[in-house]
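Chain A is the first sequence line, chain B the second, and so forth, proteins listed ahead of strands; every chain is numbered from 1. Heavy atoms only: backbone and side chains are in, while hydrogens, waters and symmetry mates are out.
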Amino acid sequence: DTAVSQTPKYLVTQMGNDKSIKCEQNLGHDTMYWYKQDSKKFLKIMFSYNNKELIINETVPNRFSPKSPDKAHLNLHINSLELGDSAVYFCASSAGQVRELFFGEGSRLTVL
Amino acid sequence: GESVGLHLPTLSVQEGDNSIINCAYSNSASDYFIWYKQESGKGPQFIIDIRSNMDKRQGQRVTVLLNKTVKHLSLQIAATQPGDSAVYFCAENSHRDDKIIFGKGTRLHILP
């Protein structure tokens with residue numbers, strides 16, 4: 001059983017399009033995150049939700065909109081995609097100990 | 001050796017030798033320091049953490065050392081195996097921010 005699963009694993013799209021990445025965790029965790037990893041492997045936090053409420057928004061452009069329908073799901077919708085959005089997006093979750101994150105396998109987004 | 005510019009710093013170690021991966025941090029207010037391992041095509045995975053009031057912590061085949069005077073963190077891997085080949089990230093967590101900030105990664109390459 002996959003603990004944190006993301007779909008799709010790969011996404012290739014044109015500039016200006018809108019796309020979504022879905023994430024689900026079956027660990028019973030209250031907190032979920034989106035991280036962006038660029039081509040230099042740098043991992044940067046984008047958003048965090050605790051029990052469906054937004055608690056961290058790291059100055060991400062308004063084109064990125066997370067949505068948490070319930071505490072087991074955190075989806076990421078991106079409008080008007082730009083070349084610079086190309087990256088691997090990781091979903092993660094945590095229980096009480098924030099320092100131990102459980103990551104999904106990543107969704108590689110390529111904007112042409 | 002270490003490469004600069006766009007490339008990830010790389011440490012090459014002979015199989016069976018010990019590996020030492022270093023990290024400098026900047027936030028003196030962090031409560032925990034953490035090491036993550038990211039294998040190719042996968043999400044980062046928690047290895048070990050250390051609280052800021054400690055200077056050493058041991059796990060299975062891994063030891064983390066914290067030197068707060070010079071803001072330095074290291075991960076020592078004993079008897080390095082091919083399965084240790086990955087990118088290793090140090091990270092920080094402060095209970096004030098309730099998030100994990102990742103540092104730059106180091107690629108560990110195992111020589112046969």
Side-chain angles (χ1 to χ4, degrees), chain A residues 2-10 21 23-25 27 29-51 53-60 66 74 76 87-108, chain B residues 2-11 21 23 25 27 29-54 57 59 64 66 73 85-109:
Chain A
T2 306
V4 181
S5 58
Q6 303 177 221
T7 54
K9 192 171 172 68
Y10 299 98
I21 307 171
C23 179
E24 175 182 4
Q25 55 96 3
L27 297 167
H29 291 164
D30 285 336
T31 310
M32 294 184 72
Y33 309 80
W34 279 109
Y35 277 81
K36 178 180 179 181
Q37 186 170 49
D38 62 22
S39 58
K40 298 173 195 171
K41 295 289 190 183
F42 185 60
L43 265 167
K44 184 170 167 54
I45 188 167
M46 300 173 68
F47 300 103
S48 136
Y49 269 73
N50 182 278
N51 213 0
E53 287 193 28
L54 179 68
I55 54 173
I56 294 173
N57 182 341
E58 288 287 308
T59 57
V60 177
L74 181 61
L76 184 64
V88 181
Y89 292 85
F90 284 98
C91 177
S93 71
S94 70
Q97 297 179 6
V98 179
R99 60 194 184 274
E100 183 166 4
L101 299 177
F102 292 80
F103 282 86
E105 298 219 320
S107 297
R108 181 178 292 276
Chain B
E2 186 177 291
S3 57
V4 296
L6 297 178
H7 301 289
L8 207 59
T10 299
L11 176 67
I21 302 169
C23 177
Y25 66 90
N27 186 2
S30 293
D31 297 302
Y32 280 92
F33 299 90
I34 313 134
W35 283 99
Y36 278 80
K37 172 187 181 183
Q38 185 178 19
E39 296 177 49
S40 181
K42 295 188 177 180
Q45 184 179 18
F46 174 92
I47 304 173
I48 190 168
D49 62 6
I50 186 168
R51 195 166 176 167
S52 59
N53 63 356
M54 298 171 66
R57 188 171 184 215
V64 57
L66 175 63
L73 184 70
S85 182
V87 176
Y88 289 81
F89 293 93
C90 60
E92 308 171 49
N93 167 244
S94 168
H95 72 276
R96 293 178 201 83
D97 292 333
D98 207 27
K99 64 185 178 186
I100 293 177
I101 304 297
F102 284 82
K104 294 181 186 177
T106 297
R107 187 181 300 280
L108 179 62
H109 177 61

**Request:** May I ask you to test the A:Phe90-B:Gln38 pair for a side-chain heavy-atom distance under 4.5 Å?
**Result:** yes
**Asked** Side chain, backbone, both or neither: which part of A:Lys9 has an atom under 4.5 Å from a heavy atom of chain B?
**Response** side chain
**Prompt:** By a 4.5 Å heavy-atom criterion (distance strictly below it), what part of A:Gln6 contacts chain B: side chain, backbone, both, or neither?
**Reply:** neither
**Prompt:** Checking heavy atoms, do the side chain of B:Ile100, its backbone, both or neither come under 4.5 Å from chain A?
**Reply:** both
**Prompt:** Quick one: what part of A:Phe102 sits under 4.5 Å from any heavy atom of chain B, side chain, backbone, both or neither?
**Reply:** neither
**Smallest separation among heavy atoms of A:Arg99 and B:Tyr36, with atom names** = O-OH, 2.6 Å
**Asked** What is the distance from atom CZ of B:Phe89 to atom CD of A:Gln37, rounded to the nearest 0.5 Å?
**Response** 5.0 Å
**Request:** Please indicate whether A:Glu58 has more than 12 foreign heavy atoms, meaning atoms of other residues, nucleotides or ligands, lying under 6.0 Å from its CD.
**Result:** yes
**Request:** Supply the atom-to-atom distance A:Phe42 CZ to B:Lys104 NZ, rounded to the nearest 0.5 angstrom.
**Result:** 8.5 Å
**Prompt:** Checking A:Ile56 against chain B: side chain, backbone, both or neither under 4.5 Å from a heavy atom?
**Reply:** side chain
